[in-house]
Amino acid sequence: MLPHPLANAPLAMSELPKTFDPKAIEERWYAHWESRGLFRPERPDARPWTIVMPPPNVTGSLHIGHALDITLQDVLTRRERMLGKDALWVVGTDHAGIATQMVVERQLNERQQQRTDFTREEFVDKVWAWKGESGGSITRQLRRIGASCDWAHERFTMDERYQRAVTYTFVEMHKRGLIYRDKRLVNWDPKFQTAISDLEVETRDVQGRFWTLSYPLADNSGAIQVATTRPETMLADMAVAVHPEDERYRALIGKQIKHPITGRLIPIIADEHADPELGSGAVKITPGHDFNDFEVGKRAGIKPADMLNMFDARAFVVQTQDGLIPPKLLGLSREDARKAVVAKLEDEGALIRVEDRVVPTPFGDRSGVTIEPWLTDQWYVDAARLALPALQAVKKGDIRIVPETWKKTWYNWLENIQPWCVSRQLWWGHRIPAWYTEDGQAFVAESEEEARAQAGGKPVHQDEDVLDTWFSSALWPFATLGWPEETDDLKRHYPNDVLISGFDILFFWDARMAMQGIEFMGEAPWKTLYLHGLVRDAQGAKMSKSKGNTVDPLGLIDKYGADALRFTLAAMESQGRDIKLDEKRVEGYRNFATKLWNAARFLQMNGVGASDSIAAPAAELPVNRWIIGEVVETLAKLNAAFDELRYDEMADAIYHFVWGTFCDWYVELVKGELSTSPTRQGEGGGDDETKRVAAWAFDQILVMLHPLMPFITEELWSANQRPYELIVAQWPEPQAQVDPHAKAEMTQLIGFIEGIRSQRLETGFKPIDVIPISVTSGADYQFSVLNRYEAIIRRMARVRPAKITISNTEHGSVWSSELVDQYELVEKPDRTSFVTAQFVIGDLIVIAFTQGFIDLDAERDRLTKALAVAEKEGDALAARLANPNFTERAKPEAVEKARADHEAKAAEAERLRAALDRLG
RNA sequence: GGGCGCGUAGCUCAGUGGUAGAGCACACCCUUCACACGGGUGGGGUCGUAGGUUCAAACCCUACCGCGCCCACCA
């Protein structure tokens, strides 16, 4: 479908400034696109295409990782839009529970205030106020890199409508038995004083110690040694475990220990958790403060409600239920308690040994403090039940994961998934829709009225907790489309086509989206899941604020332009690898943008305007037929790269076409055609055709490059009168093919020019001189190519045809040159008096006339080296062809190619030998 | 302990069965009328090591060495 024309678009043809200034155009074009609704033009009949942006933290700011993520998404979105689809890119922000609450609390702290100085409502109001103040900065920054998302339908995970979806989800999952309340150990963050999920815990190795303690038997018949890395938790010990098979302790099972500090009587129990190989083989059991011990305790028949707890929410020591902790230890921090306990044990002679040991220690990923296993009531999602369909979706191919290596990780995590703790003891977030009666009975409902009704009219109060942020963002692919209502958008745009995210949120977000999406929508949220790596600094180190090695994408945009940054990120995005960002690359692609800019200027100066057709224009001249074919090939590469989500190949294809083919060769080759000299004009047709083709080819470049470099391409597009903006132009469909004859002709011409350039430089000719040459071998068609492009060859290779003339002197015959208009086959000169340079270029032997400065030895040397190379390659091929195993077993194409290559090499060697021969 | 990945030109990385590539950097030359953020030319790699499979291996297999990441309760 054709894009809609814009009657009042300010797109008059204008002369391009001499230098390209990204700053001058980026803001202007973004505002233009956005204000005219071009990010999502009305296309009711078009095929839908959908992607959702991972919602950034509403109070966050754009970092280089976002820049990568956004670029990759925008590249796809822009192309799909150009393909005529109803391309929807959902944008919005995340309330980001802990992160946002942290920011606001920190601000309060700066003013000597605390969250708890306020009521919950007051505090939440403050967060909303902060969101209002700073929430726009991330979205402004998204605009700076050119994200063409649908701002008209921007979402926020705490929007009223979104909140309803979250509440509905929770209630519905509870009904389906997918959510339940349970008392068990959670990962407790003593800094934020909230539970967190397994995923939010980072285990790091810490240099710690290993204490061996002596626990006396209650009957004074001896003692048993236990070892621990956390001596302070002994205050809540409830047992000592030994392995049931361990002969050393078999007799002790069932006996009692008199705990050295609390005097608590605890049993020696048998449990396979105790590893006879480790330490003494006996281990102290603290069910309330250790995940293993919790399980051991349960196996020993201790109910979670009866497990001793010795910490408060800040992880300071409090009295256990049995009141046996000595008062002196109460109120101590974990660290102080450890010191006090160890000192006390030492005093009592109960400390046997202390060793250094590396201890894997859990830390909160945001708070950075040590996580404390703590016994609390929390809400859990039965993730295992949700995981199975998500696992299947990938196995069956409903979801295609790119790159594929992540499939295993996906399976592995989902197969071993643990219950997901979704309640958080925070104020900022989606309040859990559960109400309690006075006796603690819970009622889950969408409103207080409903809950009260369920409770038989008894007074109820709502759960104080909020939900894990990821619980709500898991609904993003459908809740943003109006779900749970059956909206048109939902019907059209779910499932989404593709999701692009960093692999760092594969479990946090992607997997949970898949689980929730399948549970509530009946099918996976996206057809393709593309995972990209992290952006690292030029040394490969992870970027972090504390290291100070972060690269500010906005700074790079200021310096080099958004297009250059986008192109860099795309070019460096090869599947499955992290990106080491080097500013030099950005600079290089800024140069590329400038190159394009100047090509446009050149065309403009030569009267090449806009093309009026999407299909390639009819062309007679081989150079034009050739460039059309090159566009066709580039487009094919580009389309293939898009299909395979190979961003590096997209960038590579367009970069080399623009610079290496279009600018370096096509523009140079047609300079003569485009010039307005009367002789050329007189030949009729050529000028107009070349202008048409040049205009068309350049337009194709602008279209093909637009997804990667939207700003400069739109600006250059608008340099000519256009019926619509480039952003809504049609993706190329040249309706043309590669012309093999034109391609062969241009390949020959280019090869000849390169051959001359290279060898004349090696031989020592001055770059400026136009050298007379004669050609002494070659086929007729090659001469016709040389003659057809004589003017071009003269301009680009700085040689011109000459004829050998022979004059006899008393010292023998001497060769000299006489300028002629046409190349023609000349007789091979006699060796005796040959003093000119010889260039062997493929089939051709070219004699370059000099004023006698040729250093014969150097020339002999040069040709000998070239001969050695040709012979070596020829011999290698000959050896292979002589091997019957190769000719019989290899693929016929391979044999054929080897044969042809061998012939060419042998012929080249032959010519070099002849040339050498003439040097004597 | 399990899983994944990486080791190719000075640097950053493509290539994944048929004679080693790109960008940057480097060297030399060029004030050629689009562009010095440019043009031209060139040097540079026994593709981590050792075996194996194959007519043929940087590419497939095995082991090893080095590096990185993820998951996992070893007190």
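Numbers restart at 1 for each chain; the letters A, B, ... are given by sequence-line order, proteins then strands.
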Spacing of the [atom1] atoms in [M] and [N] (rounded, Å):
N     : M     : atom1 : result
B:C74 : B:A63 : P     : 26 Å
B:A27 : B:G10 : C1'   : 13 Å
B:G2  : B:A72 : C1'   : 7 Å
B:G39 : B:C67 : P     : 42 Å
B:C13 : B:A20 : C1'   : 15 Å

* Search all heavy atoms of A:Ala300 against all heavy atoms of A:Ile269 and return the closest pair with its distance. => CB-CD1, 3.9 Å
[N], OP1 or OP2 - any side-chain N/O from [X] closer than 4.0 Å?
X        : N     : answer
A:Ser574 : B:A14 : yes
A:Arg760 : B:G42 : no
A:Asn412 : B:G2  : no
A:Arg585 : B:C11 : no

* Between A:Gln759 (side chain) and A:Val840 (backbone), is there a donor-acceptor pair under 3.5 Å? -> yes
Quick one: [X] [atom1] to [N] [atom2], roughly how many Å, whole number?
X        : N     : atom1 : atom2 : answer
A:Lys865 : B:G42 : NZ    : P     : 14 Å
A:Leu669 : B:G39 : CG    : P     : 15 Å
A:Glu587 : B:C37 : CD    : P     : 9 Å

* Measure from the side chain of A:Glu754, starting at C-beta and using heavy atoms only, and say which of B:U41, B:C6, B:C24 lies closest. => B:U41
Could you list the protein-to-nucleotides 72-75 of chain B atom pairs, N/O on both sides, closer than 3.5 Å?
| from | atom 1 | to | atom 2 | distance (Å) |
| --- | --- | --- | --- | --- |
| B:C73 | O2' | A:Asn292 | ND2 | 3.0 |
| B:C73 | N1 | A:Asn292 | OD1 | 3.1 |
| B:C73 | O2 | A:Asn292 | OD1 | 2.1 |
| B:C73 | O2 | A:Asn292 | ND2 | 2.7 |
| B:C73 | N3 | A:Asn292 | OD1 | 3.2 |
| B:A75 | OP2 | A:Arg357 | NH2 | 3.4 |
| B:A75 | O2' | A:Ala227 | O | 3.3 |
| B:A75 | N6 | A:Asp275 | O | 3.0 |
| B:A75 | N6 | A:Leu278 | O | 2.4 |
| B:A75 | N1 | A:Asp275 | N | 3.1 |

Could you tell me whether the side chain of [X] has a donor or acceptor atom within less than 3.5 Å of a complementary atom in the base of [N]?
X        : N     : result
A:Gln575 : B:A14 : no
A:Arg590 : B:C37 : yes
A:Lys408 : B:C4  : no

* **Residues that A:His532 engages under ring pair (Phe, Tyr, Trp, His ring centres under 6.0 Å), provided they are two or more places apart** =>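 With neighbours one apart ignored, the set is empty.
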* Asked: Partners of A:Tyr647 by ring pair (Phe, Tyr, Trp, His ring centres under 6.0 Å), sequence neighbours excluded?
  -> A:Tyr530
* Could you check which residues of residues 657-666 of chain A get a heavy atom under 4.0 Å from RNA chain B? Sort them by number, please. => A:Trp659, A:Cys663, A:Asp664
* Asked: Below 4.0 angstrom, N of the basic side chain to O of the carboxylate: do A:Glu587 and A:Lys559 qualify?
  -> no
* Structure fact -> For nucleotides 26-31 of chain B, 5' to 3', base contacts (B), sugar-phosphate-only contacts (S) and non-contacts (-) with protein non-hydrogen atoms under 4.0 Å give ---S--
* To do: Tell me what A:Arg798 touches on the nucleic acid: a base, only sugar-phosphate, or nothing, going by heavy atoms under 4.0 Å.
  => nothing
Between protein and nucleic acid, restricted to nucleotides 18-20 of chain B and to nitrogen or oxygen atoms under 3.5 Å apart, what atom pairs and distances do you find?
| from | atom 1 | to | atom 2 | distance (Å) |
| --- | --- | --- | --- | --- |
| B:G18 | O2' | A:Arg880 | NH1 | 3.0 |
| B:G18 | O6 | A:Lys891 | N | 3.2 |

